[in-house]
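Notes follow once the structure below has been shown.
Worth knowing before you read on, the calculation uses all heavy atoms, side chains too, and leaves out hydrogens, waters and symmetry mates. Whatever order the structure lists ligands and atoms in, that order sets their numbers, starting from 1.
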Amino acid sequence: MNIIKLSAIDSTNLYLKKMASESNLENFTVVVAEHQTKGRGQMGTKWTSDRFKNLTFSILINIKRFKIEEQFYLSMAISLGLLNVLKGQVKVPVFIKWPNDILAVKDKVAGVLIENNIGGSFIKQSIVGIGLNVNQENFSNELENVTSLKILTGHTFNLDELLLKIVNSIKKFVQFIESNRLQELKKLYIESLFKMNKPSMFIDKNNVIFLGKIVDVDKNGRLVLELENETIRKFNLKEIKFA
Ligand code: BTN
């Protein structure tokens, strides 16, 4: 496995994106940093992580003839790859919170940021960034509902070993896409989804709180909710949050 280790960088996603545009990198090349000065999260947020304590890394993934309309399957594969490793490390229940946060009970332990390089109707290359809280025990008060493997288990983890386990697990789930087992992948994703089929409170883009139940995720990755009046509505990431 081609693993590039950096002591400090702005963002492993940015670094890997640049490297991939300048040279021909092996599939599943990994860039891992002990510290990021500008870690990026979903929807323009920041990703902060204590130096040396956690995993912040990016993986380059090339899937042949990967259609744009199937891009959410990569998100499913990544979440499942992460989830399966974490299930083996902690005793509490772990879930995927749509679209691709990983929760332990109800607290976030990992986040994923996927950036795709698109050519025509295909995804030529994906940069998959993962931030996993491993050995950090204290988090800023601004961050709510956050946890780490150390908080959950009481012990310190070896970051290199954990990284290998995660990349290998992700490879396994990416093979579902390569061999066109998309429905199987989706079934596994849905089975691990936080609040699946449970009435829950959500906030829409106008800040209105409402009750709904997740009944599915469609092939474009939209969250499918059944509302109180039994109507079905679909939401994309910008349109909805958990309350
Ligand atoms: C999120 O939950 O908002 C996604 C967080 C993704 C963070 C990781 S850390 C490694 C990679 N480099 C970045 O700048 N971001 C991702």
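- Taking 4.5 Å as the limit, every side-chain heavy atom of Asn13 sits out of range of all side-chain heavy atoms of Val31.
- Salt bridge Lys18/Glu22: present, at least one basic N to carboxylate O contact under 4.0 Å.
- In this structure Glu34 satisfies the side-chain contact (heavy atoms from CB on, under 4.5 Å) test together with Ser7, Phe52, sequence neighbours excluded.
- In this view, Gln183 and Tyr73, Lys186 satisfy the side-chain contact (heavy atoms from CB on, under 4.5 Å) rule, not counting sequence neighbours.
- Ion pair Asp160/Lys5 flagged as a salt bridge, since at least one NZ, NE, NH1 or NH2 atom sits closer than 4.0 Å to an Asp/Glu carboxylate oxygen.
- Pairs of residues two or more places apart, or lying in two chains, that qualify as side-chain hydrogen bond (donor to acceptor under 3.5 Å, both in side chains) and include a residue from residues 124-135 are Asn62-Gln125, Asn116-Ser126.
- Sorted by chain then number, the residues whose non-hydrogen atoms approach ligand 1 to under 4.0 Å are Ser11, Thr12, Asn13, Gln36, Gly39, Arg40, Gly41, Gln42, Thr45, Trp47, Thr56, Phe57, Ser58, Asp101, Lys108, Gly111, Val112, Leu113, Gly129, Ile130, Gly131.
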